[in-house]
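First the structure, in the form of structure tokens, and then the observations on it.
This one's a predicted model, so the numbers in the text were calculated from it and none came from an experiment. Along the sequence shown, the residues carry numbers beginning at 1.
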Amino acid sequence: MTASGQEWHASGDHPPLVTSCGRRITVKCLTLTAARPITRVTLRVGPDQGDEPGVWAALTAEEARELAHRLLTHAALAESAAGTDAGAVATATGAGAARA
């Protein structure tokens with residue numbers, strides 16, 4: 001349920017991503033309908049298994065693309081450090097798509 005003037009848009013029915021430490025990460029689109037509608041990509045990181053509190057952020061489309069680019073870049077670095085070639089493939093195919 002959303003408050004008056006807010007609409008949540010489905011994200012393709014993707015369930016939250018659950019990390020290895022038990023945090024649930026949810027990504028959605030939120031539109032605030034007012035005199036001038038505002039749309040944001042929301043990122044919610046829920047509490048961990050030890051009940052440490054979660055956080056959330058509301059990003060513009062450009063900020064969401066920049067975050068996606070940075071995540072893909074660091075994922076490639078992490079894979080490279082682990083000794084796999086998957087990082088180079090992810091950077092070559094995914095980073096550009098995230099910024100498009």
Side-chain angles (χ1 to χ4, degrees):
M1 179 182 293
T2 61
S4 177
Q6 297 180 1
E7 298 176 30
W8 288 99
H9 301 280
S11 59
D13 295 324
H14 291 289
L17 169 73
V18 179
T19 68
S20 58
C21 66
R23 288 194 185 260
R24 299 171 67 85
I25 300 175
T26 306
V27 179
K28 294 191 177 200
C29 184
L30 171 66
T31 300
L32 302 173
T33 54
R36 183 175 146 225
I38 299 171
T39 301
R40 295 289 185 262
V41 175
T42 62
L43 177 68
R44 180 172 183 251
V45 180
D48 68 7
Q49 292 174 345
D51 290 329
E52 286 292 321
V55 296
W56 69 274
L59 309 167
T60 65
E62 183 58 31
E63 291 166 342
R65 285 186 187 96
E66 180 62 26
L67 176 59
H69 172 71
R70 291 178 186 201
L71 287 168
L72 289 169
T73 298
H74 285 276
L77 290 171
E79 288 175 331
S80 178
T84 68
D85 285 337
V89 173
T91 300
T93 62
R99 295 187 64 106

- Message: Donor-acceptor pair, distance only, cut-off 3.5 Å: does the side chain of Ser80 make one with the backbone of Ala76?
- Response: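 No, the answer is negative, given that no donor and acceptor are paired below the 3.5 Å cut-off.
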- Hey, any chance Val55 and Leu17 share a hydrophobic cluster, counting ILVMFWY side chains that come within less than 4.5 Å of each other, even indirectly?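 They do share one cluster, since a chain of ILVMFWY contacts under 4.5 Å joins Val55 to Leu17.
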- Determine whether Val27 and Leu71 fall in the same hydrophobic cluster, where Ile, Leu, Val, Met, Phe, Trp and Tyr are linked whenever their side-chain heavy atoms lie under 4.5 Å apart.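 They do share one cluster, since a chain of ILVMFWY contacts under 4.5 Å joins Val27 to Leu71.
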- Item | Shortest non-hydrogen contact between Cys29 and Thr39, atoms and distance |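 Shortest heavy-atom contact: SG-CG2, 3.4 Å.
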- Considering all heavy atoms, the nearest Gly46-Arg23 contact: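 In this case the closest contact between Gly46 and Arg23 is O-NH1, 3.0 Å.
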- Message: Nearest 0.5 Å, please: how far is CZ in Arg70 from CZ in Arg65?
- Response: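 Reported to 0.5 Å precision, the distance equals 15.0 Å.
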- Rounded to the nearest 0.5 Å, what separation is found between the OG1 atom of Thr60 and the CG atom of Leu67?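 Separation between the atoms: 10.5 Å.
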- Is any side-chain heavy atom of His69 closer than 4.5 Å to a side-chain heavy atom of Leu72?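 When only atoms from C-beta onward are counted, Leu72 and His69 do not touch, as no gap falls below 4.5 Å.
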- For Pro16, check side-chain contact (heavy atoms from CB on, under 4.5 Å) against everything at least two apart and list the hits.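 Scan of Pro16 (side-chain contact (heavy atoms from CB on, under 4.5 Å), adjacent residues dropped) gives Arg24, Thr26.
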- Task: Check whether more than 12 heavy atoms from other residues, nucleotides or ligands sit under 6.0 Å from atom CZ of Arg40, and answer yes or no.
- Result: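 Enclosed.
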- Among Leu43, Val41, Thr42, the one residue meeting side-chain contact (heavy atoms from CB on, under 4.5 Å) with Lys28: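 The option that passes is Thr42.
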